[in-house]
Amino acid sequence: MKVLHNDGRVEECDDDLDVLRHSAAHVLAQAVTRLHPGVKLAIGPAIDDGFYYDFDKEGGFTPEDLEEIEAEMRRIVKENLKVETYALPRDEALEYLAGLGEDYKVELVEGLPEDERITFYKEGEFVDLCAGPHILYTKGIKAFKLTGLAGAYWRGSEKNKMLSRIYGTAFFSKEDLNRHIELIEEAKKRDHRKLGRELELFTLMDEGPGFPFFLPKGMVIRNALMDYWREVHRREDYMEISTPIILSRQLWETSGHWDHYKDNMYTTSIDEQDYCVKPMNCPGSLLIYKRGAHSYRDLPIRVGEFGLVHRHERSGTLHGLFRVRCFTQDDAHLYMTEEQITDEIRGVIRLIDEVYTKFGFKYHVELSTKPEDSMGSDEEWEMATAGLVKALEASGLEYKVNEGDGAFYGPKIDFHLEDVLGRTWQCGTVQLDFQMPQRFDIDYVGADGEKHRPIMVHRVVYGSIERFIGILIEHYAGRFPTWLAPVQVKVMSVSERSHDHARGIAAACKAAGIRCELDARDEKIGYKIREAQLEKVPYMLIIGEKEVESGDTVSVRSRDGGDLGSMAIGDLIARVREEDLDRTG
RNA sequence: GCCACUGUGGCUCAGCGGUAGAGCGGCGGUUUCGUAAACCGUAGGCCGGGGGUUCGAUUCCCUCCAGUGGCUCCA
């Protein structure tokens with residue numbers, strides 16, 4: 001493809017979707033300007049899977065507007081306008097934009113450094129402040145589609161006016177565009193909210209927005225995850241505790257949550273005293289630490305807890321199991337000496353990696369630093385952040401820095417997993433905290449016989465069991481491996497004559513510890529198979545007259561591999577048990 | 001919370017000024033069948049809640065609630 005740089009230079013270069021999409025954004029803005037004179041333009045960049053443009057339009061756009069705009073865009077493409085570029089001196093640029101009433105563009109120019117070249121791109125009657133580069137002719141935008149309408153704050157701040165954002169996407173070919181559309185359709189089928197309902201894993205009700213209900217089948221997955229968790233954490237010398245959900249407001253004042261986290265906390269009163277529903281588990285853990293004296297010989301102490309926390313999240317942010325108002329953290333708090341910091345954090349990073357790898361997840365890591373609303377001195381934050389960086393580097397992990405996104409009591413390493421649409425969600429996190437130990441005045445007795453302040457690490461692996469299950473549903477598209485599958489084996493009889501034998505087989509599976517269901521309805525076997533297949537049961541046992549005669553063989557169909565033929569019931573049981581206990585399938 | 005859109009039986013959806021319909025599922029029969037849907041019958045809905053306009057509202061308007069896509073915010 002050829003691109004036009006803002007100095008007028010034309011360059012031949014590899015196909016670049018960002019340039020194409022950015023040009024598509026200009027065409028979008030041009031179409032909007034033609035159809036809706038007086039609309040003010042904000043910004044219109046290319047993004048990961050397309051582009052958008054923000055407009056300030058009284059009353060916003062309607063879906064019908066979108067169709068008209070898309071049609072107008074096609075016209076502009078067809079007109080095959082030549083794209084040109086030029087620069088203007090700062091004051092002329094400002095005067096020009098002010099003359100057009102483009103207030104947002106004026107603000108953008110005012111924000112540019114004094115010595116910056118201020119460049120414009122022009123196609124036909126349309127001119128936009130832009131650094132480029134762009135394609136040379138509008139005809140280059142062959143395959144595009146407007147995909148959505150949304151509100152977006154000017155400059156991303158909710159203090160500013162809300163603008164109307166139009167999303168779209170563009171590709172070099174129709175085929176690529178169609179593939180992209182199909183991919184999104186495919187992704188929708190894996191949506192954990194849809195599968196959660198269809199597979200009867202969990203439900204959300206009007207009576208508790210953001211407070212998920214887990215159904216029996218969802219609980220099986222939850223329990224399997226917790227069993228696995230307990231197994232690896234026992235191995236890593238973690239203890240387990242459980243702390244109350246409601247604790248006095250005073251405690252939250254001590255911890256700093258009342259000052260820094262109040263807006264997210266539910267409160268209640270008991271016997272005229274103020275209480276809070278816990279949004280985090282750390283204060284409870286600290287109270288337990290404080291119960292007794294600790295020696296340096298005991299450190300590090302690793303204390304885990306499946307803690308149900310409640311946080312008030314704004315209504316518009318709720319999203320299936322990914323963003324809820326109550327969730328269970330697979331939390332743990334590690335108390336240690338300064339010298340132990342690196343090793344302890346490395347151990348946690350290793351553990352998180354082990355668990356994510358078990359599920360076949362790709363993840364990326366971010367280091368979140370001191371937020372605006374925080375407690376503790378800059379020096380402490382620097383020390384803590386340096387401690388995390390050291391552990392990250394010792395672990396050889398790539399990470400990006402997420403400025404200002406730390407917890408109010410300390411910096412953190414965040415582990416992000418992707419959902420089916422490529423949106424990423426924070427799951428695991430490791431936080432280094434110098435504050436809580438001071439606030440709760442906890443100590444240990446050192447080798448010198450003196451009291452010392454331990455360092456505290458907060459960490460989660462799954463993050464939130466709810467969110468993790470949501471990610472798992474999408475990751476497996478509901479086809480859970482045997483060890484997580486709510487129903488591992490479904491026994492189905494071919495006809496009336498095999499009902500009784502099927503009952504016996506199901507009982508044998510159940511006795512062997514397999515999660516098994518029996519389908520002995522008077523239905524055709526094809527119908528039962530279809531249903532079991534839709535329920536995504538890993539193993540289906542077909543029991544007909546052949547099996548009745550042989551007595552100890554079953555006809556096995558696997559969810560993913562189809563008809564596996566005949567097998568001794570003992571072998572089938574052994575196979576399923578092995579996949580379950582070893583968590584290999 | 002903000003912007004836009006949506007809300008009809010368990011699920012997926014049609015109807016859009018004259019007090020509701022389909023398919024699947026459920027239930028009752030018939031069928032007894034070998035690897036993704038047998039047939040017949042039947043029940044089930046204050047059309048998200050409240051208010052208004054109208055002779056009359058599922059349909060139009062307002063408002064609240066919930067959901068969806070974003071923004072902001074976060075496990």
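Only a predicted model underlies this, so the values are computations on that prediction, with no experimental measurement involved. Residue numbers begin at 1 in each chain, while the letters A, B, ... track the order of the sequences.
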Visitor: Assuming nearest nucleotide by heavy-atom distance, tell me which of S315(A) and E466(A) is located more 5' along RNA chain B.
Guide: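 Its nearest nucleotide being more 5', the pick is S315(A).
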
Visitor: With a 4.0 Å cut-off on heavy atoms, is R559(A) in touch with a base, just the backbone sugar-phosphate, or nothing at all?
Guide: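 Counting heavy atoms under 4.0 Å across all strands, no contact is made by R559(A).
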
Visitor: Among rG25(B), rC3(B), rA36(B), which nucleotide has an atom closest to any side-chain atom of M162(A)?
Guide: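 So the nucleotide nearest the side chain must be rC3(B).
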
Visitor: Ion pair present between R230(A) and E240(A), side-chain N to carboxylate O less than 4.0 angstrom?
Guide: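 E240(A) and R230(A): salt-bridged.
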
Visitor: Strictly below 4.0 Å, N to O, side chains only: are E474(A) and R423(A) in salt-bridge contact?
Guide: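 Salt bridge: no.
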
Visitor: From the options rG69(B), rC33(B), rA75(B), select the nucleotide whose nearest atom is closest to the side chain of D522(A).
Guide: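 Looking only at side-chain atoms, D522(A) lies closest to rC33(B).
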
Visitor: For the side chain of V494(A), starting at C-beta, report the closest nucleotide among rC33(B), rU68(B), rG26(B).
Guide: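 Looking only at heavy atoms from C-beta outward on V494(A), the closest nucleotide is rC33(B).
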
Visitor: Please give the nucleotide sitting opposite rC2(B) as a Watson-Crick or G-U wobble pair, both distances under 3.5 Å, or none.
Guide: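 Across all strands, the one nucleotide that pairs with rC2(B) is rG70(B).
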
Visitor: Do we count W425(A) as stacking onto rA75(B) if the rule is ring centres under 5.5 Å and planes under 30°?
Guide: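 So W425(A) does not count as stacking on the base.
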
Visitor: How is R197(A) classified with respect to the nucleic acid when contacts are heavy atoms under 4.0 Å: base, sugar-phosphate, or nothing?
Guide: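 Result for R197(A) = sugar-phosphate.
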
Visitor: Nearest of rA75(B), rG26(B), rA4(B) to any side-chain atom of T429(A)?
Guide: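 Nearest listed nucleotide: rA75(B).
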
Visitor: Taking any strand in view, what nucleotide pairs with rC13(B) in a Watson-Crick or G-U wobble way, both distances under 3.5 Å?
Guide: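 The base-pairing partner of rC13(B), which may sit in any strand shown, is rG21(B).
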
Visitor: Looking at S164(A), I'd like to know whether one of its side-chain N or O atoms comes within less than 4.0 Å of OP1 or OP2 on rC3(B).
Guide: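 For rC3(B), OP1/OP2 do not have a side-chain N/O of S164(A) under 4.0 Å.
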
Visitor: Which value, in whole Å, describes the distance between the C1' atoms of nucleotides rU12(B) and rG7(B)?
Guide: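 After rounding to an integer number of Å, I get 14 Å for this pair.
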
Visitor: Less than 3.5 Å apart, any donor N or O on the side chain of E403(A) or T369(A) sitting next to an acceptor on the other?
Guide: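 Note: E403(A) and T369(A) side chains meet the donor-acceptor criterion.
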
Visitor: Of R530(A) and F61(A), whose nearest nucleotide on RNA chain B comes first from the 5' end?
Guide: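 Nearest-nucleotide comparison on RNA chain B picks F61(A).
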
Visitor: Quote, to the nearest angstrom, the P distance that separates rG15(B) from rG70(B).
Guide: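 About 27 Å, rounded to a whole number of Å.
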
Visitor: With a 4.0 Å cut-off, would you call D191(A) and K188(A) a salt bridge?
Guide: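 Looking at D191(A) and K188(A), the cut-off is not met.
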
Visitor: Which is true for E523(A) with a 4.0 Å heavy-atom rule: it touches a base, it touches only sugar-phosphate, or it touches nothing?
Guide: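 Base: the residue E523(A), judged by heavy atoms under 4.0 Å, touches a nucleobase.
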
Visitor: Need one value for E64(A): base, sugar-phosphate or nothing, where a base atom within 4.0 Å counts as base even if backbone is also close, heavy atoms only.
Guide: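 If one applies the 4.0 Å heavy-atom cut-off, E64(A) turns out to touch nothing in the nucleic acid.
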
Visitor: Base, sugar-phosphate, or nothing for Q426(A), non-hydrogen atoms under 4.0 angstrom?
Guide: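 Since only primed, P, OP1 and OP2 atoms lie under 4.0 Å of Q426(A), the category is sugar-phosphate.
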
Visitor: The side chain of Y527(A) lies closest to which of these nucleotides: rA75(B), rU72(B), rG26(B)?
Guide: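 Out of rA75(B), rU72(B), rG26(B), the nucleotide with an atom closest to Y527(A)'s side chain is rG26(B).
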
Visitor: Using a distance-only criterion (donor-acceptor N/O pair, under 3.5 Å, no hydrogens), is the base of rG25(B) paired with the side chain of E531(A)?
Guide: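 In this structure, the two groups form no donor-acceptor pair.
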
Visitor: When rounded to the nearest Å, what value does the distance between C1' atoms of rA36(B) and rG48(B) take?
Guide: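 Approximately 36 Å lies between the C1' atom of rA36(B) and that of rG48(B).
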
Visitor: Could you let me know what rA38(B) is paired to, Watson-Crick or G-U wobble, both distances under 3.5 Å, or none if it's on its own?
Guide: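 Pair assignment: rA38(B) / rU30(B).
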
Visitor: Could you work out the separation of rU59(B) and rG1(B) based on their P atoms and round it to a whole Å?
Guide: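 Going atom to atom, P in each nucleotide, I get 25 Å.
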
Visitor: Is R459(A) touching bases, backbone alone, or none of the nucleic acid, heavy atoms closer than 4.0 Å?
Guide: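 Nothing, no nucleic acid heavy atom in range.
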
Visitor: Under 4.0 Å between any heavy atoms, over every strand shown, what does D206(A) touch: base, sugar-phosphate, or nothing? Just pick one.
Guide: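 Counting heavy atoms under 4.0 Å across all strands, the contact made by D206(A) is with sugar-phosphate only.
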
Visitor: Under 4.0 Å between a side-chain N/O of R193(A) and OP1 or OP2 of rG69(B), yes or no?
Guide: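 Checking rG69(B) against R193(A), a side-chain N or O does come within under 4.0 Å of OP1 or OP2.
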
Visitor: Just how far, in rounded Å, is C1' of rG1(B) from NZ of K159(A)?
Guide: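 One finds 13 Å between C1' of rG1(B) and NZ of K159(A), rounded.
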
Visitor: Between the side chains of K546(A) and E549(A), is the shortest nitrogen-to-carboxylate-oxygen separation below 4.0 Å, so that they form an ion pair?
Guide: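 Answer for the salt bridge query: no.
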
Visitor: Of all the nucleotides listed (rC5(B), rC71(B), rA75(B)), which has the minimum atom distance to the side chain of P63(A)?
Guide: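 The closest nucleotide is rC5(B).
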
Visitor: Look at K188(A) and rU68(B) and indicate whether a side-chain polar atom (N or O) is within less than 4.0 Å of OP1 or OP2.
Guide: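 No, because none of the side-chain N or O atoms of K188(A) sits under 4.0 Å from OP1 or OP2 of rU68(B).
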
Visitor: Is the NZ or CZ atom of R21(A) both under 6.0 Å from the centre of the six-membered ring of F51(A) and within 45° of that ring's axis?
Guide: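 So R21(A) doesn't make the cation-pi contact.
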
Visitor: Think R497(A) has a side-chain N or O under 4.0 angstrom from the OP1 or OP2 of rC33(B)?
Guide: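 Checking R497(A) against rC33(B): at least one side-chain N or O falls below 4.0 Å of OP1 or OP2.
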
Visitor: Kindly state whether the ring of H458(A) and the ring of Y409(A) have centres lying under 6.0 angstrom apart.
Guide: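 Yes, the ring of H458(A) comes within the 6.0 Å limit of the ring of Y409(A), centre to centre.
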
Visitor: What nucleic acid atoms does R165(A) come within less than 4.0 Å of, heavy atoms only: base, sugar-phosphate, or nothing?
Guide: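 Here R165(A) touches the backbone only, sparing every base.
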
Visitor: Does any donor atom in the side chain of T328(A) or E466(A) lie under 3.5 Å from an acceptor atom in the other side chain?
Guide: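 There is such a pair between these side chains.
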
Visitor: Describe the nucleic acid contact of G60(A) in one word from base, sugar-phosphate, nothing, applying a heavy-atom distance below 4.0 Å.
Guide: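 Nothing: the residue G60(A), judged by heavy atoms under 4.0 Å, touches no strand.
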
Visitor: So that I can tick it off, tell me whether R325(A) and E313(A) are bridged by a salt bridge, with the cut-off set at under 4.0 angstrom between side-chain N and carboxylate O.
Guide: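 A salt bridge is absent here (no side-chain N lies under 4.0 Å from a carboxylate O).
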
Visitor: H319(A) side chain N/O closer than 4.0 Å to the phosphate oxygens (OP1, OP2) of rG69(B)?
Guide: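 Result: yes.
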
Visitor: Determine the contact category for I525(A): base if any of its heavy atoms lies under 4.0 Å from a base atom, sugar-phosphate if only primed atoms, P, OP1 or OP2 are that close, otherwise nothing.
Guide: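 I525(A): backbone/sugar contact only, no base atoms under 4.0 Å.
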
Visitor: How far does the P atom of rC2(B) sit from the matching atom of rU58(B), given to the nearest Å?
Guide: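 One P to the other, the span is 29 Å.
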
Visitor: Measuring from the side chain of T317(A) (C-beta onward, heavy atoms only), which nucleotide among rG25(B), rC73(B), rA36(B) has the closest atom?
Guide: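 It is rC73(B).
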
Visitor: Of the nucleotides rA75(B), rC73(B), rG69(B), which has the atom closest to the R423(A) side chain?
Guide: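 Nearest listed nucleotide: rG69(B).
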
Visitor: Is there a Watson-Crick or G-U wobble partner for rG7(B) with both distances under 3.5 Å, and which nucleotide is it?
Guide: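 By the stated definition (distances under 3.5 Å), rC65(B) pairs with rG7(B).
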
Visitor: So which nucleotide does rA57(B) pair with, by the Watson-Crick or G-U wobble rule with both distances under 3.5 Å?
Guide: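 With both distances under 3.5 Å required, rA57(B) matches none.
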
Visitor: Mind checking the C1' distance from rU6(B) to rC16(B)? Whole angstroms is fine.
Guide: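 So the two C1' atoms sit 15 Å from each other.
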
Visitor: Suppose we define a pair by two distances each less than 3.5 Å, Watson-Crick or G-U wobble; what does rG45(B) pair with here?
Guide: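 Across all strands, not a single nucleotide pairs with rG45(B).
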
Visitor: How close or far is atom P of rC2(B) from atom CG of D54(A), stated in whole angstroms?
Guide: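 The distance from CG of D54(A) to P of rC2(B) comes to 19 Å, rounded to the nearest Å.
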
Visitor: Does R323(A) make a side-chain donor-acceptor contact with the base of rC73(B), cut-off 3.5 Å?
Guide: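 Flag set: donor-acceptor pair detected.
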
Visitor: Ignoring the backbone of L318(A), work out which of rC74(B), rA38(B), rG67(B) is nearest its side chain.
Guide: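 Of the candidates, rG67(B) comes closest.
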
Visitor: Any base atoms under 4.0 Å from G526(A), or only sugar-phosphate, or nothing? Heavy atoms, all strands.
Guide: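 If one applies the 4.0 Å heavy-atom cut-off, G526(A) turns out to touch the sugar-phosphate alone, with no base involved.
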
Visitor: Please classify the nucleic acid contact of D405(A) as base, sugar-phosphate, or nothing, using heavy-atom distances under 4.0 Å.
Guide: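 The answer is sugar-phosphate, as D405(A) gets under 4.0 Å only of primed atoms, P, OP1 or OP2.
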
Visitor: Under 4.0 Å, heavy atoms only, any strand: does Y52(A) hit a base, just the sugar-phosphate, or nothing?
Guide: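 No contact.
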
Visitor: The side chain of I529(A) is closest to which nucleotide in this list: rG1(B), rG67(B), rA36(B)?
Guide: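 Nearest listed nucleotide: rA36(B).
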
Visitor: OP1 or OP2 of rA36(B) sitting under 4.0 Å from any side-chain N/O of R557(A)?
Guide: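 Yes, R557(A) has a side-chain N/O under 4.0 Å of OP1/OP2 on rA36(B).
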
Visitor: Please determine if E305(A) and K278(A) form a salt bridge, counting it only when a charged side-chain N lies under 4.0 Å from a carboxylate O.
Guide: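 Salt bridge: yes.
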
Visitor: If you measure from the C1' atom in rU30(B) to the same atom in rG23(B), how many Å do you get, rounded?
Guide: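 Those two atoms are separated by 22 Å.
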
Visitor: Between rA57(B) and rG49(B), how far is it from one C1' atom to the other, in whole Å?
Guide: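 Result for the C1' pair: 16 Å, nearest Å.
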
Visitor: When we call it a touch if two heavy atoms are under 4.0 Å apart, what does Y153(A) touch: a base, just sugar-phosphate, or nothing?
Guide: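 Touches a base.
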
